[in-house]
Amino acid sequence: MTIEEILKGDIKKAIQKHFEIDAEEIILQPTKKEFEGFYTFVTFTLTKTTRKAPAELGQIIGNELIENSSVVDSFNVVQGFLNISLKDQTWLNLFGQMSSHPDYGASPSNGQSVMVEFSSPNTNKPLHLGHLRNNFLGDSLSKILKASGYDIIKTCLVNDRGIHICKSMLAYRELGNGETPESSGIKGDHLAGKYYVKFDQEYKKQIKELVEQGMKEEEAAKKAPWILEAQKLLLLWEQGDADTMALWQKMNSWVYQGFGETYKKIDVSFDKTYYESDTYLLGKDIIEEGLQKGVFYRKEDNSVWISLVEEGLDEKLVLRGDGTSVYITQDLGTTELKNKDFHNDRYLWVVGNEQDYHFKVLFAILKRLGRTYSEGCYHISYGMVDLPSGKMKSREGTVVDADDLIAEMIQTAADRTQELGKIDDFDSAEAKQLYNQLAMGALKYFLLKVDPKKRMLFNPLESIDFQGHTGPFIQYTYARIRSIIRKAEQAEIAAVIPGDAYKLHPAERELIFSLSLYPSKVSAAASEFAPSLISQYAFELAKVYNQFYAEVSIFSDPNPEATRFRVALSKVVSETIRKALGLMGIEVPERM
RNA sequence: GGUCCGGUAGCUCAGCUGGAUAGAGCAGCUGCCUUCUAAGCAGCAGGUCAUGUGUUCGAAUCACAUCCGGAUCACCA
């Protein structure tokens, strides 16, 4: 039982005893900094049933707690707020519990499995900042759910076919002159992206020419030579034309090589990768099933539809008149495949909020088809990363490239570190590792600290900070603690929890309180699918530790019991920081 | 036009299952390194919580309306 649960029980008993009312669930909130205490119970809600004034209620309950609660030390009442302080012995017991559990904050297996699909790149362009947010969210969520007791399967659905892929293939075929990543020195995914942009430039030029010849823009967009050629290429691809397949495989292999490097840098990996070229024909048997069940219906032109008006959605096409699939057809098929492959209890899709409607439709259709697993389907919808100029657009080159940004971050980390000159004795491999840890810490933290649902702004002119509310701030706190622990080990000072007579320093109490919050933050992050809760927590904990660090001396305290306790406290804080950052995919350095 | 999401300090964001004088970081200004890492700590300054009405003992938080921004409503993915 947690302290909070004990306290709630005691308050409930106090209310029962004095007023003979069965209080509903007791809600405690953290006491505001300007008041004394750690937990606050608001008594306003009881005024009606008890016919007592709020402050009087606080006094009555407070006195009862002093008498009969095993954990309460003192209280004060401000209007309808009962602020409660705990006994030092309670804090120390609590600390003893967490320091003896290395897995403190993690839940044992609950026997449930979750598939998390994220990243899902297109093979016609390199990753950009928006993809990074997606990758970090998916990866972090996987780690958080795993810590909460779920078995996790990370998947990625690669969008490796379609008209957009044919566009870059066409531009390469026409303008590439046999250029390769090796011959050009351009990373494979960037090389493909280069031809995707070239296609767009040429295509626009062709449209402009047609418009000048008197064609309407809409028609010109459909009749420009290159778009017709790209469509032809798509048909050839679908027929399995040897030359087309060879070109497709060649370019995709370059892209995978490039993606591989980027995934390695950001330390993201998958348990299972699906390729759209394998799955794009799936889903047609589901259409047949839906028709038989009367869930779908056929129109005169042979196209197949579903009406989701009852669900507050519209009529939706699920199969074209010519029998070919649309997006939703493929997704129905792919979801069915995932379920066949893994039989998970839950399916998560980390996909941008521009597809909110699509997922509502997908889940609604699955439900209509009687798929029980639809109950466990969730769209983890996240906001776009915008630039001050607006939305990022690959074709127009207004994107923040992931590789470029990572390289800049590493450079900044190196510059900043060298300026401070604290690691002059590191060899180059150690230094490089540190720069990477700091760069990725800053970048991941920057993207994960914001509520996933909200769109966020990135200003390329203001580089991502290494000070203040950042990953490196928390990493720094960790490194400081590690330094203390090394010193303690050298001096052979053991980490020991003090006896009953020990009087806690306020900064020590604050730290234990902060540490006690960790498990509930992990479970909240898991149930709300919000890694930002972990990032906020890690920052708070680091801040509280830094205050402690500035306020008390660990090694020069006259009381050796205090020194040993503070070493123990520091150790648990460092472990909790390491675990919390670990849930965000951020590593911690021994020194920085 | 319908639906959905958002609007909190100069900037970037917390807080939103209703509770105390609305919090951080950055930027600005003051202090603090002969003592465990100053990527730090302490402090100052900065707010009509988009607007209005309602519900309530109590509203940034809930409801309704309005304004602003974004997304979506494709036989694109």
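Letters go in sequence order (proteins before strands), and every chain restarts at 1. All values reported here derive from a predicted model rather than from experimental measurement.
The side chain of A/Lys454 places no N or O atom within less than 4.0 Å of a non-bridging phosphate oxygen (OP1 or OP2) of B/rU12. Contact between the side-chain N/O atoms of A/Gln355 and the OP1/OP2 oxygens of B/rA71 is not found at any separation under 4.0 Å. Between B/rG7 and A/Arg455, no contact under 4.0 Å exists linking OP1 or OP2 to a side-chain N or O.
For B/rA20, its base sits under 3.5 Å from the side chain of A/Asn83 at one donor and acceptor pair at least. Side-chain atoms of A/Ser532 and base atoms of B/rA14 include no donor and acceptor less than 3.5 Å apart.
Across all strands, A/Lys33 comes closer than 4.0 Å only to sugar-phosphate atoms, never to a base (heavy-atom distances). When heavy atoms are screened at a 4.0 angstrom cut-off, A/Val361 is found touching no nucleic acid atom at all. Residue contacts for A/Glu590: at a heavy-atom cut-off of 4.0 Å it reaches a base atom on one of the strands shown. In this structure, A/Ile554 reaches the bases: a heavy-atom distance under 4.0 Å links it to at least one base atom across the strands shown. Residue-level contact check: A/Lys543 touches the backbone only, with heavy atoms under 4.0 Å from sugar-phosphate atoms and none from bases.
A salt bridge between A/Lys360 and A/Glu311 is absent, with no side-chain N of the basic residue lying under 4.0 Å from a carboxylate O of the acidic one.
Scanning RNA chain B for stems, defined as runs of 3 or more consecutive Watson-Crick or G-U wobble pairs whose donor-acceptor distances all fall under 3.5 Å, gives the following ranges: B:1-7 with B:67-73, B:10-13 with B:23-26, B:28-32 with B:40-44, B:50-54 with B:62-66.
Classified by its glycosidic torsion, B/rC33 falls in the syn category, the angle being within 90° of 0.
Of the P atoms belonging to B/rA24 and B/rG40, the separation is 16 Å, rounded to the nearest Å.
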